[in-house]
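In this text, all values refer to a predicted model and were calculated from it rather than measured experimentally. Within every chain, numbering begins at 1; the chains are lettered A, B, ... in the order of the sequence lines, protein sequences first and strands thereafter.
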Number of protein chains: 2
Amino acid sequence: MRNKNSIIRLSRYKNALRRLKTMGFGRIFSDNLADAIGVNSCQVRKDFSIFGISGNKRGGYQIDELIEHLNNILGKNIIQHAIIVGAGNIGAALAKYEGFEKDGIRIDAVFEADPLKVNPRADIPVLAADDMIEFIQKNDIRIGIIAVPESAAQQVLDLMVLSGVKGILNFAPIRLRAPRECVVNNVNLVLELENVIYFSNLLEKALEKDAQEA
Amino acid sequence: MRNKNSIIRLSRYKNALRRLKTMGFGRIFSDNLADAIGVNSCQVRKDFSIFGISGNKRGGYQIDELIEHLNNILGKNIIQHAIIVGAGNIGAALAKYEGFEKDGIRIDAVFEADPLKVNPRADIPVLAADDMIEFIQKNDIRIGIIAVPESAAQQVLDLMVLSGVKGILNFAPIRLRAPRECVVNNVNLVLELENVIYFSNLLEKALEKDAQEA
DNA sequence: ACCTTCTTGTGATTTTTTTCACAATAATTA
DNA sequence: TAATTATTGTGAAAAAAATCACAAGAAGGT
Ligand SMILES: NC(=O)c1ccc[n+]([C@@H]2O[C@H](COP(=O)([O-])OP(=O)(O)OC[C@H]3O[C@@H](n4cnc5c(N)ncnc54)[C@H](O)[C@@H]3O)[C@@H](O)[C@H]2O)c1
Ligand SMILES: NC(=O)c1ccc[n+]([C@@H]2O[C@H](COP(=O)([O-])OP(=O)(O)OC[C@H]3O[C@@H](n4cnc5c(N)ncnc54)[C@H](O)[C@@H]3O)[C@@H](O)[C@H]2O)c1
């Protein structure tokens, strides 16, 4: 698919714009915005161009309009409902995170296999894993977050898909198989750290070499 | 930089290989490995080619050799030491995660500004934020994980860099400025979810259209 | 020993993404 | 009102990434 990377940048722009807005800006130019998320200004303009967002020549972009427009594109003009499966370390941390709600994503419930962890009275209710299918169907949930051990992840995905979930964010460090009609995005924190390790080593070597040559 | 994406795939290969090994495989072909991480087989061979990894024509790759080789490239032949800053929801979840240790990454300590959360006796000690600089320097820590609120993140980064940290994984949803000699990798979970939302909406629309046309 | 089959390794090609570069035009100044 | 300046919007160019395609070589069969 074309322009896959643009989408993630649109979210970044939106983020930065909100911050810029609270800082008192009302309008913004492509180069400020570029700077805020660490790309160059024609990237910003190109991204906007692709999605039909336009500004004013010499006047930049109206922040409010821009955020509105971005939310529309990203499907965030309405609140998105999601569930988490697995009330362990990461699942519980995500459930407590207020950043999702701020961004129009509501976590409606957490599902957990261990009866000791079930707690329907919690702020975000922790329900029995067996009730997941029904809950998804009744509440028309489209988005699921997988925070169970590797060994249970595929099974959870299958149940989610069966119940009608269309998009999944998976924290288990394993590739899950999903049918074509369900999007899966993987977050693998070990991988992210390994990446940091590799590039910091590489950089260090490069800088040492530079120093020798100078 | 060239071949940036290859690196993250190398980590994925390593992951998959470990799994394949526990499943009893001793050798592996490029297409199995490709399948395991969801790319196509020439991508695997190309990645290996770039980093000088070679196998046997018609014999595939020896898994043990391959893992060893990948660890060398990724700088994972020795244990990597890291710290976490911020013992909140996400920081605490990361500290408890055993996946890092399994992958040769040791979390030596967590640093926290709130005295009530400090606990030097914990499995992974939670120390006072003020002791961070000294700890990093004494223990020659190169890798840091930022799990503090947005408002404190830049300051924490600056202190880390000052103390000698060369690579940072940042969970705060904000772009941090770092000097050239320090690598920063951002994990933004809201962004990841928004991406899922966007693409699942897109896919649904596309499928509806297909259905109408058919 | 020779043929067949399978799989690697990589140059060539294609596709995707990013960056350049500049015409178009709106705001500002003189 | 005309000249100047700043900024957008986008085709063209460059760079990066993924895929193709096939020669070369090993393993196994006959
Ligand atoms: N904790 C982290 O920081 C971290 C980091 C990266 C990746 N991960 C990954 O996230 C996943 C969860 O990690 P964790 O540390 O939270 O583990 P955890 O063991 O603390 O939590 C997993 C939870 O899932 C529950 N569970 C198991 N099977 C279930 C099922 N079928 N339905 C519902 N609930 C079920 C368990 O009872 C448990 O409460 C793992 O795959 C792990 O590799 C975790
Ligand atoms: N919890 C999540 O699931 C989640 C998800 C995505 C992103 N994040 C991001 O991760 C960061 C932490 O989130 P959280 O939910 O864990 O928040 P939290 O408030 O639970 O934890 C933050 C911790 O950092 C500590 N702290 C503050 N300033 C500090 C400093 N200068 N030095 C050391 N410690 C300091 C606080 O005392 C607190 O314990 C935030 O930036 C958040 O946006 C969290």
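Not one side-chain nitrogen or oxygen of Asn3(B) sits closer than 4.0 Å to the OP1 or OP2 atom of dA16(D).
Under the side-chain hydrogen bond (donor to acceptor under 3.5 Å, both in side chains) criterion, Ser200(B) pairs with no residue at all, not counting sequence neighbours. Residues passing the ring pair (Phe, Tyr, Trp, His ring centres under 6.0 Å) test with Phe135(A), sequence neighbours excluded: Phe111(A). In this structure Glu181(A) satisfies the side-chain contact (heavy atoms from CB on, under 4.5 Å) test together with Pro179(A), Leu207(B), sequence neighbours excluded. Residues passing the side-chain contact (heavy atoms from CB on, under 4.5 Å) test with Val39(A), sequence neighbours excluded: Arg9(A), Tyr13(A), Ala34(A), Ile37(A), Gln43(A), Val44(A).
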I'd like a table of donor-acceptor pairs (distance under 3.5 Å, sequence neighbours excluded) in which one partner is a side-chain atom from residues 152-174 of chain B, with atom names and distances.
from, atom 1, to, atom 2, distance (Å)
Gln154(B), OE1, Arg177(B), N, 2.9
Gln154(B), NE2, Asp158(B), OD1, 3.0
Gln154(B), NE2, Arg177(B), O, 2.9
Ser163(B), OG, Leu159(B), O, 2.6
Asn170(B), OD1, Ala172(B), N, 2.9
Asn170(B), ND2, Ala172(B), O, 3.0
Asn170(B), ND2, Ile174(B), O, 3.4
Asn170(B), ND2, Asn186(B), OD1, 2.8

Do any side-chain atoms of residues 59-67 of chain A form donor-acceptor pairs under 3.5 angstrom with protein atoms, and if so which ones, sequence neighbours left out?
from, atom 1, to, atom 2, distance (Å)
Gln62(A), OE1, Arg27(A), NH2, 2.9
Asp64(A), OD1, Lys21(A), NZ, 2.9

Residues 81-97 of chain B side chain polar contacts: donor-acceptor under 3.5 Å, at least two apart:
from, atom 1, to, atom 2, distance (Å)
His81(B), ND1, Asp108(B), OD1, 3.2
His81(B), ND1, Asp108(B), OD2, 2.8

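Using a 4.0 Å cut-off on heavy atoms, none of the residues of residues 189-201 of chain A approach DNA chain C. Less than 4.0 Å separates DNA chain D from no heavy atom of any residue of residues 12-22 of chain A.
Across all strands, Arg9(B) comes closer than 4.0 Å only to sugar-phosphate atoms, never to a base (heavy-atom distances).
Within the 4.5 Å cutoff, the side chain of Lys4(A) has heavy atoms near those of the Phe199(B) side chain. Taking 4.5 Å as the limit, every side-chain heavy atom of Phe48(A) sits out of range of all side-chain heavy atoms of Ser54(A).
Classification of Asp47(A) and Arg12(A) as a salt-bridged pair fails, no side-chain N sitting under 4.0 Å from a carboxylate O. No salt bridge links Arg45(A) with Asp31(A); every basic N to acidic carboxylate O contact stays at or beyond 4.0 Å.
Among residues at least two apart or in separate chains, salt bridge (charged side-chain N to carboxylate O under 4.0 Å, His left out) pairs with a member in residues 132-157 of chain A are Glu134(A)-Lys138(A), Asp140(A)-Arg142(A), Arg142(A)-Glu204(B), Glu150(A)-Arg19(B).
Between the side chains of Asn71(B) and Asn77(B), no donor-acceptor pair is found at a separation under 3.5 Å.
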Readout for nucleotides 5-13 of chain D: B = base within 4.0 Å of protein heavy atom, S = sugar-phosphate only, - = neither; 5' to 3' it is BBBBBBBB-

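Taking the 5' to 3' direction, DNA chain C first and last meets chain A under 4.0 angstrom from a heavy atom at dT16(C) to dT28(C).
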